[in-house]
Every structure is written in C-alpha cells, then in structure tokens.
Amino acid sequence: MNHHETAVKTDNFRAWFMDKLLMGMDWPDYMRQLITPFNIIAAIILSIGLPLIAIRFIYGLASVTHASQDYPWGIFLGWGLFGGVPLSATGFVLATAYYIFGFKKYKPLVRLAVLAGFLGYLFAVIYLLCDLGRPWRIYYPMIIGFGTASVLFLVAWHVATYLTVQFLEFSPAILEWLQSKRIRKWALSITIAMTIAGIILSTLHQSALGAMFLLAPGKMHPLWYSSYLPVLFLCSSIYAALSMVIVVSTLAARFLKKAADQTFLSNLNPLTLGLGRGASLTMYVYFVLKLISVAHDNNWALLATPYGQWFLLEIVGFVLLPALILSLGVKTGRVGIVRLGAFAGALGIVVNRINVSMVALNWNLPDHLHHIVPPWQEVAIVLAIATIHVLVFRWILMRMPVIREAPEYTDH
Amino acid sequence: MTQERQEKGAGGLQHGGRRSDSTDQPHGPCGINRRGFLGVMGAVSGSALLASAAEVHAYKQFEGWPDRYGMLSDLTACVGCRSCERACNEANGLPKPKKSFDDGSVFAELRRTDDKTYTVVNRYENPGDPGTPVYRKVQCMHCNEPACATACPIHAYSKTPEGAVMYDPDKCFGCRYCMVACPFGIPTYDYESAFQPRIYKCVLCYDRLKVGQIPACAQGCPTEAITFGKRSDLLRLARERILEHPDRYIDHIYGEHEAGGTSWLYLSSVPFGQLDFPTNLPDRPLVEETKGFLSSVPVVFTVWPALFGMIYASVRHRDALQEELKQEQEKEEERQ
Ligand code: SF4
Ligand code: SF4
C-alpha cells in the first residue's frame with residue numbers, strides 16, 4: 001500500500017466520520033454545540049448515577065438498593081421492566097396499524113414508533129441487567145435450563161426475540177443512513193413477516209407480564225389480583241403505546257425540529273388527533289375491564305378501604321380522566337389538550353405497573369408502604385439509565401432518517 | 001415411638017446415586033425438564049411454547065410422588081427450645097448467629113428465614129391459654145407442586161421423589177421471581193454478594209436423606225414436635241391425633257391441601273391464621289393459576305398469523321381495487 005492510498009483512505013474515513021457522527025461539523029464545533037442546559041443537567045445526573053451503577057456491580061445489590069428477603073423486587077423492575085415494556089409497545093401498535101390494517105396516513109410516525117419501541121425494550125433489558133443477581137447469565141433461559149411452565153421463561157424468550165425483530169424493523173433507517181441500498185432492500189422485504197411476528201410476540205409477552213403475578217394470589221391485594229391481569233396488561237399496553245407515540249413525537253417536534261422534515265411537522269397535528277382518539281377508546285375499554293375484574297371477584301366492599309381508594313384514584317384519576325381529556329381534545333380539535341391527555345395516560349401506565357408490582361404485592365406485610373420506598377441510590381441509577389435512554393434516542397434522531405425521509409428513499 | 005418412626009423413615013431410603021442424579025432426572029410436578037435439544041430448536045421456532053402448553057396439560061394428573069417423605073410439626077408439643085434451629089445451623093454449616101440458640105430474647109420480635117438461617121421458631125400469644133405461648137417453626141414447606149419451581153425460568157428447582165425441593169445455584173441467574181412466587185416467603189437471597197449471589201433455603205437435608213439419616217431439625221428436637229416419615233403416614237398420624245384429642249387440636253392439618261399440599265404438615269391448638277400462616281391460599285397448586293394463560297399461547301401462535309395475514313391481504317386487495325378505480329376514473333376524465 002503506498003502513501004497516497006493510505007492518505008485517501010484516512011481522508012475518506014474522516015469525511016465519513018464527520019458526516020455521519022458529527023453531523024458535518026468538526027470536533028471543536030461539535031463540542032461547542034454540546035454545551036446546552038439539557039446536556040449539563042444530563043451530565044450531572046450521569047456523574048452521580050454512573051458511579052452508583054459501578055458500585056452496584058462491584059459490591060452487590062445490597063450496596064444501592066433496599067432489596068430484602070420480603071421485597072426481592074424494586075423500581076429497577078417496577079419502573080424499568082413492568083413500566084418500560086408497555087410504554088414501548090409503540091412499534092408493535094403503529095407497525096400493525098400501518099402495515100397490516102393499512103392506515104397509510106400514519107407513515108410519518110411509523111419509524112419513530114418503531115425506534116421508540118426498540119430502544120424501550122433495549123433499556124428494559126438494561127434495567128433487568130442491573131437487577132439480576134448474576135446478569136452475565138442472562139442467556140441461561142435460552143441455553144442452560146428451560147422452565148417451560150414459567151411465565152417468566154416466556155417473557156425472556158419473547159423479549160429477546162422481539163428485540164431482534166424490532167432491530168430488523170428499524171434497520172432500514174440505519175441502512176439508509178449508511179447508504180447501503182442492497183441490504184436495505186432485503187430488510188424492507190421482510191417487513192410484513194416481522195410485523196406479524198411482532199404482533200404474536202407482543203400480545204403474548206405484554207399479557208405475560210401480567211400473568212407473572214397470577215402466581216402470587218396469597219401476596220397480592222385482591223383488588224389488583226385478578227384472573228384478568230393478562231388481558232388488562234395487554235389492553236393497557238395498547239393505549240400506552242398510542243399515548244407514548246404522541247408524547248415522543250411531541251417532544252421530537254418541539255426539541256429536535258432540525259431533525260424533522262416538513263412532512264413530519266405538518267402531519268403531526270392531524271395524526272395526533274387520530275392517535276388520541278384511538279388511545280381514548282382503548283382507555284374506556286380498559287376502564288370497563290377494570291370494573292369487570294372487580295365485579296368478577298365481587299371485591300366492591302374493598303373499595304371503601306384505603307387501598308380501595310388508591311385503586312379508585314388509579315382507575316379514575318389515571319385512566320378515566322386522561323381518557324376524558326383526550327376525548328375533549330379530539331372533539332374540539334385542540335391538539336394541545338390531546339397531548340395533555342396522552343402525557344397523563346402514559347403516566348397512568350407507570351402508576352398501574354408500580355401498583356401491581358410494588359404496592360399490591362406484599363400489601364399484607366407489616367409496614368408495607370414504608371418498605372417499598374426506594375433509597376436515593378436506586379432512584380439515581382434509574383434516573384441515569386433514563387437519561388442515557390434519552391441521549392441515545394436523540395443521538396439517533398439527529399443522524400438517521402427517522403422523523404424525516406432520506407430524499408433518495410421514500411418507498412417504504 | 002419416635003425411634004420406630006425414624007427407622008421407618010430412614011429405612012425407606014434405599015436408593016443410591018449422587019444427589020445431582022436426582023436433581024437432573026425428569027420430574028413430575030413441574031414437568032419442565034423433559035426437553036432437550038429438540039426443545040431448544042422448538043423454542044426458537046416458537047413451537048416450544050406449544051409444547052410447553054401441552055406439557056402444562058400433561059402433568060395435570062400428577063398426584064405427587066407416592067412415597068415422598070414429609071415432616072409433621074405438632075405445635076402443641078413445641079416448647080420453643082430452638083434445638084431445631086441449632087441442629088439446622090450445624091448440619092448446613094451456616095454462620096453462627098449473633099445471639100446464641102439459648103437466648104430467649106430473640107422471641108421479642110418475629111423473625112424470618114434468611115440466607116444464613118434456613119429455619120426459625122417464632123413465639124405467639126396463646127389466646128386460649130395466656131400462660132403458655134405457641135411456638136411456630138418456619139422453613140421451606142417442600143410443596144407438592146412448588147410455586148418456586150413453576151416460577152423459575154431456568155428450571156433451577158426440582159422436586160425430588162423423596163419430597164425435597166432442591167435448588168441448583170449453577171443454573172440460577174438471580175431474577176428472584178421464585179421469591180415472589182413462593183406463598184410462604186421461603187427462598188432468600190444474599191444481596192451482599194456481587195459475584196456469587198444465590199438463593200438459600202432449606203432442602204430437607206437432602207444429603208442426609210440420601211445416606212439414610214433424617215433431617216437434622218427432626219433429629220435435634222427433644223420433644224415430639226417434629227416427626228419425619230412418609231407424607232401419607234404423617235397425614236394418617238395427624239388425623240389420629242386430632243381424633244384422639246379433639247380438645248387439644250383445631251380440626252385442620254395445615255399443608256394437607258394448601259397450595260396443592262406440602263410435605264411439611266402442621267397441627268395446632270390455635271387457628272393457623274393467628275400464627276401468620278397464609279390462610280388465603282387456594283387448595284389447588286399455584287401452577288394452576290397460570291395454566292389458562294399458558295394454554296392460550298399455542299392459539300396465538302397459530303391463529304394470529306392466519307388472522308393478521310388475512311387482514312393484510314384484504315387491505316391490500318381493497319387498496320388495489322381503489323387504485324384501479326382511480327385510474328379508470330382518470331382515464332375517463334381524460335377522454336371527456
Ligand atoms: S415453601 Fe416456597 S420455597 Fe418451599 S417448596 Fe414451597 S414454594 Fe418452594
Ligand atoms: S432467582 Fe434463580 S432460582 Fe429463583 S426464579 Fe430466578 S433463576 Fe430461578
């Protein structure tokens with residue numbers, strides 16, 4: 001290899017690097033534009049959270065969590081896994097609506113939804129890795145032992161498979177970014193198969209997360225323990241997804257306008273109304289299902305207890321109210337109101353999943369509510385992981401054609 | 001009497017083999033070790049989940065290993081001397097506790113098992129007879145169809161034909177779902193360890209059973225509060241005691257049916273609910289609660305592709321028709 005060739009190669013690489021990773025800037029410019037209030041806050045959160053994550057892996061779970069013999073699970077799973085997975089049903093719900101049911105107008109949002117889903121699952125697994133006693137054995141359910149009677153076995157297989165499916169679903173965007181036409185064509189051709197695989201896997205593992213708690217009838221509060229848990233988890237994951245698409249697209253349009261194209265920005269408002277309508281309808285169905293679950297076990301009397309009031313607050317304040325807000329917004333055509341309802345709906349999902357996995361579980365132990373409050377270290381770790389999640393999301397949106405179309409590829 | 005029963009119990013253990021033999025063999029209650037390589041291939045293609053649901057149904061008829069052992073804990077005979085705790089601690093080589101086993105002050109609060117204690121004895125007031133408290137021994141119940149084993153995604157638990165519920169740390173990745181699932185809160189974890197955390201719990205002194213000895217706690221008990229034997233014999237014995245002393249016992253053998261039945265059985269003079277025994281458990285094994293869900297899995301795997309494939313095809317068809325219509329209209333407009 002002569003000098004000339006090497007020099008050309010280096011130059012090519014540099015051009016590629018600056019174009020793809022630094023978005024056409026050189027290093028000093030790139031670094032300068034990084035200093036923003038948001039990034040400074042993120043840096044502070046990470047400077048606290050990352051060392052704590054290191055401490056967790058060096059000194060064990062006891063060093064950063066309150067995990068105990070009675071309370072094996074905390075917010076790593078309550079928020080990260082049980083909350084994160086339904087909020088990441090975005091890819092499954094929008095891909096199904098667009099590719100299978102033929103709601104073509106949602107095209108500008110599909111990639112964003114798939115990306116949100118993929119990253120959501122990826123980070124759910126990261127929370128899980130933080131929580132597992134021996135995370136380096138995460139693949140054990142695939143190779144070492146098969147607990148086929150275990151609902152968690154199903155969840156493990158499905159989340160792993162679905163993560164791959166979502167990666168494939170998102171891969172056209174990566175390939176366009178890298179300008180690899182041939183592979184992209186192949187990736188596009190499997191879209192329908194991947195979407196149907198996504199429907200199977202998602203309906204099953206979303207409901208399986210609820211079914212996990214069916215194994216603990218003696219420990220769960222009867223208002224939350226119900227044979228309807230799988231159906232409730234599945235139904236709520238659908239409106240969680242619709243709300244989340246609104247939330248993510250709102251934030252993207254507000255803060256990452258640079259990365260969006262006109263198609264995305266001009267379609268956003270009408271599409272938000274459509275999504276809001278879908279979300280509110282699903283929420284009404286879910287609300288009724290919740291009531292049916294109470295009626296099924298004839299637990300009405302329990303509503304008068306303190307736990308019952310908390311239950312009522314959950315289904316009225318965090319389900320019915322957001323649904324009404326959404327309906328109001330859709331009826332009056334006011335997108336801002338729809339967005340408010342969507343934020344509330346997404347928050348409601350987190351409230352529900354925390355209620356099931358932390359508040360209702362072990363409710364009859366003495367001092368229960370005292371025990372489920374996480375220590376600050378656990379919260380700081382969750383904040384750090386959530387921050388990385390946002391940063392990765394932004395990094396991809398700024399570079400890859402997600403909320404804009406790459407000019408030479410508009411056929412998907 | 002005790003001697004005789006012990007001999008009978010120990011005499012029944014006439015099979016050889018190492019302990020791991022037994023944990024590796026196919027086992028009934030959870031039916032989750034019957035698949036090898038084919039199972040993995042099936043799982044990859046999704047059909048394992050069909051198979052798993054079929055298995056769920058296959059072991060419905062399982063009645064439990066016929067000759068399995070158990071323990072009968074007669075709370076009316078327990079004097080709270082904690083000899084069983086000491087014996088357990090020594091037999092399992094566990095670290096010595098801060099307070100000695102003779103120290104009665106531990107009864108001031110209710111204790112639970114942990115990663116260094118596989119059994120504890122707790123003291124409760126006796127409403128019927130305030131002068132004599134009731135003591136309750138806590139340990140793994142060695143359920144007939146253990147929820148811990150149902151929960152574990154890696155199949156780290158197994159119920160041996162002898163009745164012991166075993167745990168294999170070499171398989172466990174530490175999700176702690178077994179702790180959530182166990183209705184008695186028995187599996188414990190050492191959160192202190194960063195590199196080798198694992199579950200700890202009573203395994204019915206399986207190593208001792210294998211060499212014809214009885215579990216250490218039963219051996220150590222100076223009164224007749226713990227009896228080792230075949231579960232079927234123990235049930236008979238318990239019923240006899242209730243019949244002979246209806247005034248001494250409440251008419252209930254805890255563990256006969258709870259959560260599908262357990263190898264540990266309890267007799268008491270005080271209602272079990274007052275001694276913190278869970279009284280809200282179904283009589284059927286907890287695995288039953290998830291069977292309905294798991295049996296829907298094969299349905300989803302077969303029906304969904306057909307259903308959504310059809311929807312996709314019909315939507316495509318509709319779009320194609322509309323497209324044709326549009327083109328024709330355009331043509332007509334052109335002609336006009
Ligand atoms: S008591 Fe708990 S740990 Fe013991 S066998 Fe039953 S479910 Fe498993
Ligand atoms: S903690 Fe270990 S033994 Fe318990 S369910 Fe998880 S993998 Fe199985």
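Just so we're on the same page: letters track the sequence lines, and every chain starts at 1. The structure displayed is predicted, hence computed values, not measured ones.
Using a 4.5 Å heavy-atom cut-off against chain B, the contacting residues of residues 227-234 of chain A are A:Pro230.
For B:Arg318, the part lying under 4.5 angstrom from a heavy atom of chain A is the side chain only. With a threshold of 4.5 angstrom between heavy atoms, B:Ile311 approaches chain A through its backbone and through its side chain. For a residue to count as touching a neighbouring chain, one of its non-hydrogen atoms must lie under 4.5 Å from one of that chain's; by this rule A:Tyr225 touches chain B with the side chain only. Residue contact with chain B, scored on non-hydrogen atoms closer than 4.5 Å, involves the backbone of A:Ile58 exclusively. Heavy atoms of B:Asp276 lying under 4.5 Å from chain A are absent altogether. At a 4.5 Å heavy-atom cutoff, the contact between B:Ser193 and chain A is made by backbone atoms alone. Within the 4.5 angstrom heavy-atom criterion, atoms from both the backbone and the side chain of A:Ala208 approach chain B. Contacts between B:Thr279 and chain A at a heavy-atom distance below 4.5 Å are absent for every atom of the residue. Within the 4.5 angstrom heavy-atom criterion, atoms from both the backbone and the side chain of A:Ala67 approach chain B.
If you take OG on B:Ser314 and CZ on A:Phe101, they are separated by 9.0 Å, rounding to the nearest 0.5 Å. In this structure, CG in A:Leu204 is found 6.0 Å from OG in B:Ser296, a value given to the nearest 0.5 Å. Rounding to the nearest 0.5 Å gives a distance of 4.5 Å between CD of A:Gln69 and OG1 of B:Thr188. Taken from CD1 in A:Ile144 to SG in B:Cys172, the straight-line distance is 12.5 Å, to the nearest 0.5 Å. Here the OG1 atom belonging to A:Thr96 is positioned 6.5 Å from the CZ atom belonging to B:Phe308, to the nearest 0.5 angstrom. Atom CZ of B:Phe293 sits about 12.5 Å away from atom CG of A:Leu215, to the nearest 0.5 Å.
More than 12 heavy atoms of other residues, nucleotides or ligands sit less than 6.0 Å from atom CZ of B:Phe107. Applying the 6.0 Å contact sphere to CZ of A:Phe103 captures no more than 12 heavy atoms from other residues, nucleotides or ligands. Under a cut-off of 6.0 angstrom, the local environment of CD in B:Glu109 is sparse, with at most 12 non-hydrogen atoms contributed by other residues, nucleotides or ligands. Shown here is A:Trp79, whose CH2 atom has no more than 12 heavy atoms of other residues, nucleotides or ligands within 6.0 Å.
Looking only at heavy-atom pairs under 4.5 Å with chain B, the residue among A:Leu132, A:Leu214, A:Leu361 that has the most is A:Leu132. Options A:Ala216, A:Pro72, A:Ser68 differ in how many heavy-atom pairs under 4.5 Å they form with chain B, and the most are formed by A:Pro72. Counting heavy-atom pairs under 4.5 Å between each of B:Leu281, B:Asp319, B:Val300 and chain A puts B:Val300 at the top. Counting heavy-atom pairs closer than 4.5 Å to chain B, the top-ranked of the candidates A:Gly102, A:Ala193, A:Pro141 is A:Pro141. Interface summary for chain A: among B:Pro282, B:Pro197, B:Gly174, the most heavy-atom pairs under 4.5 angstrom belong to B:Pro197.
Of all heavy-atom pairs spanning B:Pro153 and A:Phe153, the tightest one is O-CD1, 3.3 Å. Closest approach of B:Pro305 and A:Ile200 over heavy atoms only: CG-CD1, 3.6 Å. When all heavy atoms are compared, the tightest approach of B:Phe195 to A:Trp136 is O-CZ2, 3.3 Å. The shortest heavy-atom contact between B:Leu294 and A:Ala149 is CD1-O, 3.4 Å. Of all heavy-atom pairs spanning B:Thr290 and A:Val151, the tightest one is CG2-CG2, 3.7 Å. In terms of heavy-atom proximity, A:Gly60 sits nearest to B:Ala194 at N-CB, 3.3 Å.
In terms of the salt bridge (charged side-chain N to carboxylate O under 4.0 Å, His left out) criterion, residue partners of B:Arg111 (sequence neighbours excluded) are, by chain and number, B:Glu85. In this structure, the side chain to side chain donor-acceptor pair (under 3.5 Å) partners of A:Tyr140, at least two apart in sequence or on a different chain, are A:Arg137.
Proximity of a side-chain donor or acceptor of B:Tyr312 to a complementary backbone N or O of A:Tyr99 within less than 3.5 Å is not detected. Remark: the backbone N or O of B:Val180 is paired with a side-chain donor or acceptor of A:Lys219 at under 3.5 angstrom. Looking only at distances, a side-chain donor or acceptor of B:Tyr177 sits under 3.5 Å from a matching main-chain atom of A:Met212.
Every pair passing side-chain hydrogen bond (donor to acceptor under 3.5 Å, both in side chains) that includes a residue from residues 194-215 of chain A is listed here, sequence neighbours excluded: A:Tyr121-A:His205, A:Tyr121-A:Gln206, A:Thr203-B:Trp304.
You'll find the side chain of B:Cys175 reaches within 4.5 Å of the side chain of A:Leu152, heavy atoms only. Counting heavy atoms from C-beta on, the side chains of B:Arg316 and A:Ile192 never come closer than 4.5 Å. The shortest distance between side-chain heavy atoms of B:Asn280 and A:Pro217 does not fall below 4.5 Å.
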